Trainee: 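Shown below is the structure under consideration.
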Amino acid sequence: MATPCDLRFDCGRICLDLAATTGGAPAERLTGPDQLRAWLVGAGLVPRGTLLDGLDAGWVGRFRALRELVRRLVHDELRGGASDADLALLNSAAASGQPPAPHAVRTADGTLARALPGPPDCAGLLAAVARDAVGLLTDEVAREQLRQCAGESCTLVYLDTSRGRRRRWCSSEVCGNRERVARHRRRTTVRRAQNGSAGQGPVPGAEKYSAEL
């Protein structure tokens, strides 16, 4: 099973969280059915405990394909505009299935919980992600909040809903912490180099050499 640190649910939209299952470290998080099952639950597409007996390697391949389409669309929109061909593929995915409708059910202790009336199919879950991407790309406010992570070698995109819109990283704990550590190391290296130079003193014969110039 995927561990919590492998899967990211902090990009601001379900479709962006799907895109975040690649493009970082580790490079591939949807490595098999167990990881996809964990992502579906973590993203809120299915309630915990939902039977997903049909989930197999074929589902993983279809979610990876939608993920690459979403990544391409979002990055192209940031650079100026997605292609009509990719938009057609997204629209097709959004229309190809019916997202499962959650029900409110009474549990044994009397509280209400979310449940699905039956096992969801792959097309319906893919449609839910595709419709979220359609909503994102057609929402002017949301599009203006799209940001490319400033972390070195990170390709993730997130929604910047911070005060002042000054969020720089997909995650302060991940890429932000890496940047802070790298900055500290650079400063430490510079200080050591400066201290080393200060402790060396004048080079013998330097004054004579300067005078001869």
Side-chain angles (χ1 to χ4, degrees), residues 1-24 26 28-71 73-74 89-143 145-146 156-162 170-174:
M1 286 289 289
T3 61
C5 64
D6 292 330
L7 298 173
R8 300 278 301 278
F9 302 102
D10 54 1
C11 292
R13 295 291 289 249
I14 291 175
C15 62
L16 296 179
D17 286 339
L18 177 62
T21 59
T22 188
E28 179 57 71
R29 296 176 177 86
L30 296 184
T31 54
D34 286 344
Q35 287 69 31
L36 178 56
R37 182 179 287 105
W39 185 84
L40 290 170
V41 173
L45 288 175
V46 299
R48 190 173 299 279
T50 299
L51 289 177
L52 293 169
D53 293 338
L55 199 163
D56 57 13
W59 283 40
V60 176
R62 293 173 70 181
F63 268 88
R64 285 183 183 175
L66 179 60
R67 177 187 65 188
E68 295 313 305
L69 175 62
V70 169
R71 281 170 57 85
L73 281 163
V74 170
L89 289 173
L90 181 66
N91 293 334
S92 176
S96 294
Q98 184 59 43
H103 290 186
V105 298
R106 190 76 64 183
T107 63
D109 63 2
T111 59
L112 289 175
R114 234 174 30 111
L116 299 183
D121 62 5
C122 186
L125 293 173
L126 288 167
V129 179
R131 293 182 188 188
D132 181 66
V134 169
L136 170 64
L137 295 173
T138 57
D139 184 330
E140 183 177 352
V141 174
R143 284 203 317 271
Q145 294 172 345
L146 284 172
L156 300 190
V157 174
Y158 58 90
L159 281 189
D160 181 8
T161 58
S162 65
C170 62
S171 169
S172 179
E173 291 75 20
V174 182

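Computed from a predicted model, the values in this text were never measured in an experiment.
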Trainee: Within a strict 4.5 Å, meaning less than it, do heavy atoms of the Trp39 and Leu18 side chains meet?
Mentor: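 When only atoms from C-beta onward are counted, Leu18 and Trp39 do touch, with a gap below 4.5 Å.
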Trainee: Provide the full list of salt bridge (Lys or Arg N to Asp or Glu O under 4.0 Å) pairs with a residue in residues 102-128, sequence neighbours left out, each pair given once.
Mentor: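 Sorted result for residues 102-128: empty, none.
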Trainee: With Asp132, which residues qualify under side chain to side chain donor-acceptor pair (under 3.5 Å), at least two apart?
Mentor: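 Listed in chain order: Arg13.
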Trainee: List the residues meeting side chain to side chain contact (heavy atoms under 4.5 Å, CB included) with Ala128, not counting sequence neighbours, and say none if there are none.
Mentor: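 Residues passing side chain to side chain contact (heavy atoms under 4.5 Å, CB included) with Ala128: Leu45, Pro99.
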Trainee: Please identify each residue that fulfils side chain to side chain donor-acceptor pair (under 3.5 Å) with Thr31, with sequence neighbours left out.
Mentor: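 Side chain to side chain donor-acceptor pair (under 3.5 Å) list for Thr31, sorted by chain: Gln35.
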Trainee: With rounding to the nearest 0.5 Å, note down the distance linking CG in Leu136 to CG in Leu146.
Mentor: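 Here the interatomic distance stands at 5.0 Å.
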Trainee: Keeping the roles fixed (side chain from Arg8, backbone from Ala19), state whether a donor-acceptor pair exists under 3.5 Å.
Mentor: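 Not at all, since once roles are kept as given, no pair shorter than 3.5 Å links the two residues.
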Trainee: Rounded to the nearest 0.5 Å, how far does CG of Leu69 lie from OG of Ser92?
Mentor: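 Ser92 OG to Leu69 CG: 10.0 Å, rounded to 0.5 Å.
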Trainee: Show every side chain to side chain donor-acceptor pair (under 3.5 Å) that has at least one partner inside residues 54-67, sequence neighbours left out.
Mentor: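 Found Thr21-Arg67, Glu28-Arg67.
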Trainee: Measure the shortest side-chain to side-chain distance between Pro47 and Leu116 over non-hydrogen atoms and say whether it is less than 4.5 angstrom.
Mentor: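 Pro47 vs Leu116: side chains touch.
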Trainee: With rounding to the nearest 0.5 angstrom, report the OG1 to CZ distance, Thr50 to Arg37.
Mentor: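 Here the rounded value is 10.5 Å.
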Trainee: What residues, two or more places apart in sequence or in another chain, satisfy side chain to side chain contact (heavy atoms under 4.5 Å, CB included) together with Glu68?
Mentor: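 Glu68: side chain to side chain contact (heavy atoms under 4.5 Å, CB included) contacts with Thr22, Arg71.
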Trainee: Please report the closest heavy-atom contact between Pro120 and Leu52, naming both atoms and the distance.
Mentor: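 Shortest heavy-atom contact: CG-CD2, 3.6 Å.
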Trainee: Over all heavy atoms of both residues, which pair between Ala130 and Leu66 is shortest? Give the atoms and the distance, please.
Mentor: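 The pair with the smallest heavy-atom distance is N-CD2, 4.2 Å.
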Trainee: Can you tell me how far the CG atom of Leu16 sits from the SG atom of Cys170, to the nearest 0.5 Å?
Mentor: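 The distance works out to 11.5 Å.
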Trainee: Could you report the tightest heavy-atom contact between Phe9 and Ala43, atom names first, then the distance?
Mentor: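 It is CE2-N, 3.3 Å.
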Trainee: Which heavy atom in Ala123 sits nearest to a heavy atom in Ser96, and how many Å separate them?
Mentor: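 Closest approach of Ala123 to Ser96: CB-O, 3.9 Å.
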Trainee: With sequence neighbours excluded, tell me which residues meet side chain to side chain contact (heavy atoms under 4.5 Å, CB included) with Pro33.
Mentor: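 Scan of Pro33 (side chain to side chain contact (heavy atoms under 4.5 Å, CB included), adjacent residues dropped) gives Leu55, Val60.
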Trainee: So, for Pro102 and Pro100, which heavy atoms are closest and what is the spacing to 0.1 Å?
Mentor: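 Looks like CD-O, 3.5 Å.
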Trainee: Distance from Cys15 atom SG to Leu137 atom CG, nearest 0.5 Å?
Mentor: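 Output value for this atom pair is 7.0 Å.
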Trainee: Please enumerate all residues that pass salt bridge (Lys or Arg N to Asp or Glu O under 4.0 Å) together with Asp160, with sequence neighbours excluded.
Mentor: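 Residues passing salt bridge (Lys or Arg N to Asp or Glu O under 4.0 Å) with Asp160: Arg147.
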Trainee: If you compare all heavy atoms of Leu159 against all heavy atoms of Gly12, which two are closest, and at what distance to 0.1 Å?
Mentor: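 The pair with the smallest heavy-atom distance is CD1-O, 3.9 Å.
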Trainee: Any chance you could measure Leu156, atom CG, to Cys11, atom SG, to the nearest 0.5 Å?
Mentor: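 So the gap between those two atoms works out to 5.5 Å.
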